[in-house]
Amino acid sequence: MRPDTLERISPWEWRLQPTGSMRVPGVIYASEPLLRDMEEDVLIQLAGVASLPGVTGTVYAMPDAHTGFGFPIGGVAAMDPDRGGVISAGGVGYDIACGVRVLLSGMHIDDLLPHQETLADALFATIPAGVGSTGAIRLNDDETDAMLARGAAWAVGRGWGRGDDLAHIEDHGTAPGAEPELVSAEARKRQRDEMGTLGSGNHYLEIQVVEDIIDATAAEAFGLRLGDVLVAIHCGSRGLGHQVATDYSKLMLAEAPKHKITLPHRDLACAPIRSELGRRYLGAMRAGINCALANRQILTHLVREAFERVFRKSVALPLLYDVAHNTCREEEHRVGPVSRRLYVHRKGATRALPPGHPALPAEFSKVGQPVLVGGSMGTASYILAGVAGSEGKSLSSACHGAGRLMSRGEAKRRFQGREVVGSLKRQGILVRTPSFKGVAEEAPGAYKDVHMVIEVTQHAGLARPVAKVRPVINVKG
DNA sequence: ATGTAC
C-alpha cells in the first residue's frame with residue numbers, strides 16, 4: 001500500500017483516521033518498506049474491523065500482517081460487551097487456537113548433527129503430517145467431551161506429557177468456559193482420528209538451534225543458551241476448529257440482521273457477545289482452543305518418544321511456553337481512565353504480556369512472557385519477550401511470524417517444492433514432507449523478511465528480541 | 001487453515 005494514504009506517527013507506526021463507518025482509528029506497525037509490500041486489502045480489512053459494533057480503543061495490524069478471512073492475519077481488536085461488542089468467528093480464524101510451542105532439549109547442536117538424518121526420519125515417521133492426516137488415537141464421544149473440556153490437562157492425564165508442562169501453557173492448558181456440547185457432531189466426527197496430527201499449510205515441526213542471544217538476562221530466564229537445540233511445534237485445532245468456525249460463521253451471517261448488525265463484509269460475520277449466539281460461539285470456540293492445546297500436547301509426547309528412540313535415552317524436553325495466535329480472550333484493559341473487561345481478538349497475533357503481569361509463571365515475571373515467532377522454513381525464527389508499555393500500544397500483542405509476502409497461488413507459480421527442499425538441504429536444513437506442493441506454497445521466498453518484522457516489533461515497543469534461532473530439521477505438513 | 005467447493 002502507499003504510505004501517503006496514512007498518517008506517519010513514527011518510522012514504525014502508521015495511523016488510519018476513522019472515516020466512513022469506522023468507529024475507531026487503526027494503527028499499522030510497519031517500516032516503510034514493509035508497508036509498501038503490504039496489500040491494500042489489509043487496510044480495507046482493518047477498516048472493516050474498526051466498523052464492528054462495540055469496537056473499543058484502536059484496532060491494530062502487526063508488522064507481519066497480510067489479508068485473511070474477514071480480519072487481517074496479524075490483526076488485533078478489542079470489543080466491549082457492555083457497549084454492544086461482538087465476537088466474530090472469522091476474527092478468531094478458521095484454525096482456532098493455532099499456535100506455537102517450543103521445547104528445550106538441553107542438547108548442544110554438535111551432539112545432534114551426527115544424528116540429523118536419523119532424527120528427521122524418526123520425527124517424520126512419528127508425527128502424522130499433511131492434509132487429512134490421522135493419528136493412532138481414536139476418540140469416542142465421551143473422550144471427545146473430556147478433551148474439549150480440559151485441553152492439554154486432559155492429554156497429560158491420559159499420559160501424553162507431564163504435569164510440569166501445564167504451568168507453561170496459557171491458562172495452565174485448559175481454556176476456561178469451554179462448552180463441548182456446543183460443538184457439532186460434524187466437528188467431532190472430523191476430529192475423531194486427528195488428535196496428535198500436524199495438519200498442513202503453514203504448520204510444521206522444527207528442530208532449531210539458537211544462533212544468537214540478544215537479551216542475555218531473558219535468555220537465561222527462558223533457559224536458552226547459544227548452540228542449544230530447540231523443538232518448535234506450529235499447529236492448531238485441525239478439522240474440529242475449522243468446522244466450529246464454519247458452523248458459527250454461517251449462523252452469525254444469518255443472524256446479523258436480527259441483531260441489526262450491518263456487516264462491512266460477509267466474512268466479518270459476528271454476533272453480540274451478550275447474545276445467545278455470541279455466548280454459544282464462545283463456549284464452542286473455547287472447546288476448540290482446548291482441542292488445539294490437547295493436540296500440541298500429544299505432539300509434544302510424540303516428539304519426546306522420537307528423541308528417545310534416536311538417542312536411546314530419555315530426553316526431558318521441558319516446555320518453554322505455548323502461545324495461541326488465533327483466539328479471542330476476555331481480558332481487563334485500560335480504556336482512557338477506566339479499566340474494562342474486553343474481548344480481545346488476536347488473529348495471527350501473539351499475546352505478549354509485560355514483566356510483572358499476574359498471569360505469567362513466576363520464573364518469567366521479571367523478564368516478560370516468551371513470545372514465540374515462527375519464521376519461514378529457510379530463515380530464522382525468534383523468541384521475544386513482552387515489554388512494559390505494550391498494553392497501550394497493542395493491547396500487549398506482537399507479531400506471530402514472518403507473514404506472507406505472496407498468496408499461495410503465486411508461491412506455487414514461482415517456486416518448485418523439490419527445488420526448495422534441495423536448496424534448503426544445501427543450507428543444512430533437512431525437510432521431510434508429504435507434499436512438495438505444500439513446500440512450494442511455504443517457500444522462504446513467499447514470506448516477508450522476518451528480521452524486518454522483528455525490528456519493527458522491537459522499535460514499536462511491542463516486544464523485545466531475546467534469541468534468534470535457525471532450523472536444522474523441518475517436518476512440513 | 002480445511003475430508004483444498006454445497
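Excluded from the calculations below are hydrogen atoms, water molecules and symmetry mates; all remaining heavy atoms, backbone and side chain alike, are included. Every chain is numbered from 1 and lettered A, B, ... according to where its sequence line falls, protein lines coming before strand lines.
At a threshold of 4.0 angstrom between heavy atoms, the contacts of A:Arg408 are confined to the sugar-phosphate backbone, with no base atom among them. Among the heavy atoms of the strands, none lies under 4.0 Å from A:Gln191.
A:Lys260 meets the salt bridge (charged side-chain N to carboxylate O under 4.0 Å, His left out) test with no other residue; sequence neighbours excluded. Under the rule for a side-chain contact (heavy atoms from CB on, under 4.5 Å), the partners of A:Ala149 that lie at least two apart in sequence or sit in another chain are A:Pro180. With sequence neighbours excluded, the residues that form a side-chain contact (heavy atoms from CB on, under 4.5 Å) with A:Glu331 are A:Arg329, A:His333, A:Val344, A:Arg346, A:Arg351. Applying the salt bridge (charged side-chain N to carboxylate O under 4.0 Å, His left out) test to A:Arg23 and every residue at least two apart in sequence or in another chain returns nothing. For A:Glu305, there are no salt bridge (charged side-chain N to carboxylate O under 4.0 Å, His left out) partners, not counting sequence neighbours.
For residues 242-264 of chain A, the pairs satisfying ring-ring contact (aromatic ring centres under 6.0 Å, His included) are A:Tyr94-A:His242, A:Tyr248-A:Tyr281, with sequence neighbours left out. Evaluation of the side-chain hydrogen bond (donor to acceptor under 3.5 Å, both in side chains) test over residues 408-422 of chain A, restricted to residues two or more places apart or in two chains, returns A:Arg408-A:Glu441, A:Arg408-A:Glu442, A:Glu410-A:Arg414, A:Lys412-A:Glu441. Annotation: ring-ring contact (aromatic ring centres under 6.0 Å, His included) contacts involving residues 398-421 of chain A, sequence neighbours excluded, comprise A:His325-A:His400. The salt bridge (Lys or Arg N to Asp or Glu O under 4.0 Å) analysis of residues 125-143 of chain A, with sequence neighbours excluded, yields the pairs A:Asp141-A:Arg188, A:Glu143-A:Arg158.
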Give each protein N/O atom lying under 3.5 Å from an N/O atom of nucleotides 4-6 of chain B, with the pair distance.
none

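B:dT2 atom P lies 6 Å from atom CG of A:Asp95, rounded to whole Å.
A heavy atom closer than 4.0 Å to some atom of DNA chain B occurs in A:Arg238, A:Gly239, these being the qualifying members of residues 233-241 of chain A. Contact check of residues 65-75 of chain A against DNA chain B (heavy atom, cut-off under 4.0 Å) returns no residues at all.
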message = Quick one, A:Asp64 with A:Lys448, criterion salt bridge (Lys or Arg N to Asp or Glu O under 4.0 Å). Give me CA distance, side-chain angles, the key distance, then yes/no.
response = CA-CA 7 Å; A:Asp64 53 333; A:Lys448 299 180 208 282; over 6 Å; no

